[in-house]
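These notes are about the structure you will find just below.
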Amino acid sequence: MTSTQKTKKPGSGRTGRPTRQASQALSRKILRVARDVFFADGFGRSTAERIAAKAGISKRTLYARYGNKQLLFEAAILMEIEDRLSFLEQHVPEHGDVRLELEELSDELLSWMLTDIHVALERVVMAEAARFPALARNLYEFGVGRTTRLVAEVLRKAEERGEIRVSDANFAAEQFISSVILSPFRRAALGVGVTSHNETSSARMRQAADLFVYGCRPSLKGSHP
């Protein structure tokens, strides 16, 4: 071996540290596994050991990334919300017809929300809300708050077109979300409604959307501002 040649140390080189993409992929894998474990076992019975084992990592790595089980639970749900709402925020329906726009947005949301896993996660959140009020507030604002702003955007544009008249688009959006989106979702979480978006839930959604739009028509406001 010449003086210019060096022995490569074990573990050195490009394979020693994961790339940013690999780290992001691992994070998503961990959160998907955590979501499934929380769904299957509930928050109280879920353990870091089980989540780490299923994700193929050490418990130390899990805690290094997420700190504790509560933060891991929050991160797992926030990822679910982010994935869906970021897509919807970039594809807000624009048909020039507020009824069609609200129905399309509602179909997208209910098709995503009315599934076994999301209904199960909602039950876990409801069960843990009293113990972790900050967690519940964060999830509510990130999910319901962003959804409300999406609907409010549709309503504002419809008002600009003269289709409806609302004094407060944010308040009107809250009422729409409560009656059209959250009502069937909460019914499903309580076990008194369907956990899939089928013909029955679609028909109820359209009726609720029709009732909302009918109540916002300018012709029904008379002389009121």
Side-chain angles (χ1 to χ4, degrees), residues 6-91 108-147 150 181-182 185-186 188-191 194-198:
K6 295 182 180 179
T7 303
K8 193 174 183 180
K9 294 180 181 180
S12 65
R14 296 181 180 177
T15 59
R17 185 175 183 179
T19 64
R20 181 179 180 183
Q21 290 80 2
S23 179
Q24 291 175 339
L26 178 59
S27 292
R28 291 188 68 83
K29 178 183 178 182
I30 293 170
L31 294 179
R32 293 292 187 197
V33 168
R35 180 202 67 177
D36 293 343
V37 172
F38 287 127
F39 160 54
D41 300 344
F43 183 86
R45 294 189 303 275
S46 300
T47 65
E49 290 83 358
R50 174 167 161 75
I51 293 170
K54 289 180 70 68
I57 61 173
S58 67
K59 187 170 71 170
R60 180 178 178 181
T61 298
L62 183 67
Y63 280 131
R65 284 175 176 261
Y66 299 103
N68 57 47
K69 190 169 73 168
Q70 178 186 341
L71 293 175
L72 176 61
F73 178 63
E74 181 173 355
I77 297 183
L78 291 181
M79 182 187 71
E80 288 284 314
I81 296 172
E82 173 63 26
D83 284 351
R84 195 60 193 165
L85 292 190
S86 61
F87 173 82
L88 289 177
E89 286 167 347
Q90 297 174 40
H91 299 84
E108 289 282 350
L109 287 166
L110 288 175
S111 295
W112 170 61
M113 294 169 68
L114 289 179
T115 59
D116 287 341
I117 195 161
H118 291 114
V119 169
L121 287 173
E122 174 67 10
R123 289 170 180 158
V124 176
V125 171
M126 292 170 66
E128 300 301 324
R131 277 207 303 160
F132 304 118
L135 168 64
R137 284 195 301 271
N138 287 341
L139 295 177
Y140 184 88
E141 172 57 27
F142 195 74
V144 178
R146 286 176 68 181
T147 304
L150 273 174
I181 306 299
L182 291 183
F185 187 52
R186 293 288 160 75
L190 292 171
V194 297
T195 57
S196 63
H197 190 39
N198 54 27

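Everything numeric here is computed off the predicted structure, so don't read it as measured data.
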Asp41/Arg50 salt bridge by N-O under 4.0 Å criterion: yes

Met126 side chain near Glu122 side chain, heavy-atom distance below 4.5 Å: yes

Ala188 to Leu114 - nearest heavy-atom pair and separation: CB-CD2, 3.8 Å

Pairwise side-chain contact, Ile81 with Trp112, heavy-atom cut-off 4.5 Å (strictly under): yes

Under-4.0 Å salt bridge between Arg32 and Asp83: yes

Value rounded to 0.5 Å, distance of NZ in Lys59 from CD in Glu49: 4.0 Å

Main-chain N/O of Gly42 paired with Ser46 side-chain donor or acceptor, under 3.5 Å: yes

Straight-line distance of Leu85 CG to Glu80 CD, nearest 0.5 Å: 11.0 Å

Considering all heavy atoms, the nearest Arg123-Ala189 contact: NE-O, 2.7 Å

Distance under 6.0 Å and angle within 45° of ring axis: Arg146 vs Phe142: yes

Where Ser23 and Arg65 come nearest, the two heavy atoms and their spacing: OG-NH2, 3.4 Å

Distance-minimising heavy-atom pair for Lys54 and Val33: CB-CG1, 3.6 Å

Close side-chain approach of Phe73 and Val125, heavy atoms under 4.5 Å: yes

side-chain contact (heavy atoms from CB on, under 4.5 Å) between Val124 and Phe39, intermediate numbers included: CA-CA 8 Å; Val124 176; Phe39 160 54; over 6 Å; no

Straight-line distance of Phe43 CZ to Gln70 CD, nearest 0.5 Å: 6.0 Å

For Asn68, all residues meeting side chain to side chain donor-acceptor pair (under 3.5 Å), sequence neighbours excluded: none

Please tabulate, for the side chains in residues 130-139, all donor-acceptor contacts under 3.5 angstrom to protein atoms that are two or more places apart in sequence or on a different chain.
residue	atom	partner	partner atom	Å
Arg131	NE	Glu128	OE1	3.0
Arg131	NH2	Glu128	OE1	2.7
Asn138	ND2	Glu74	OE2	3.1
Asn138	ND2	Ala134	O	3.4

Spatial distance of atom CD1 (Ile30) from atom CG (Leu72) [nearest 0.5 Å]: 8.0 Å

Minimum heavy-atom distance between Arg45 and Ala40, given as atom pair plus value: NH2-O, 4.3 Å

Shortest non-hydrogen contact between Leu110 and Ile181, atoms and distance: CD2-O, 3.8 Å

Reported CD1-to-CG distance for the pair Ile117 and Leu121, which is rounded to 0.5 angstrom: 5.5 Å

Criterion side-chain contact (heavy atoms from CB on, under 4.5 Å) on Glu108 and Arg84, from CA distance to verdict: CA-CA 9 Å; Glu108 289 282 350; Arg84 195 60 193 165; 2.3 Å; yes

Gap separating the CG atom of Leu31 from the CG atom of Leu78, nearest 0.5 angstrom: 9.5 Å

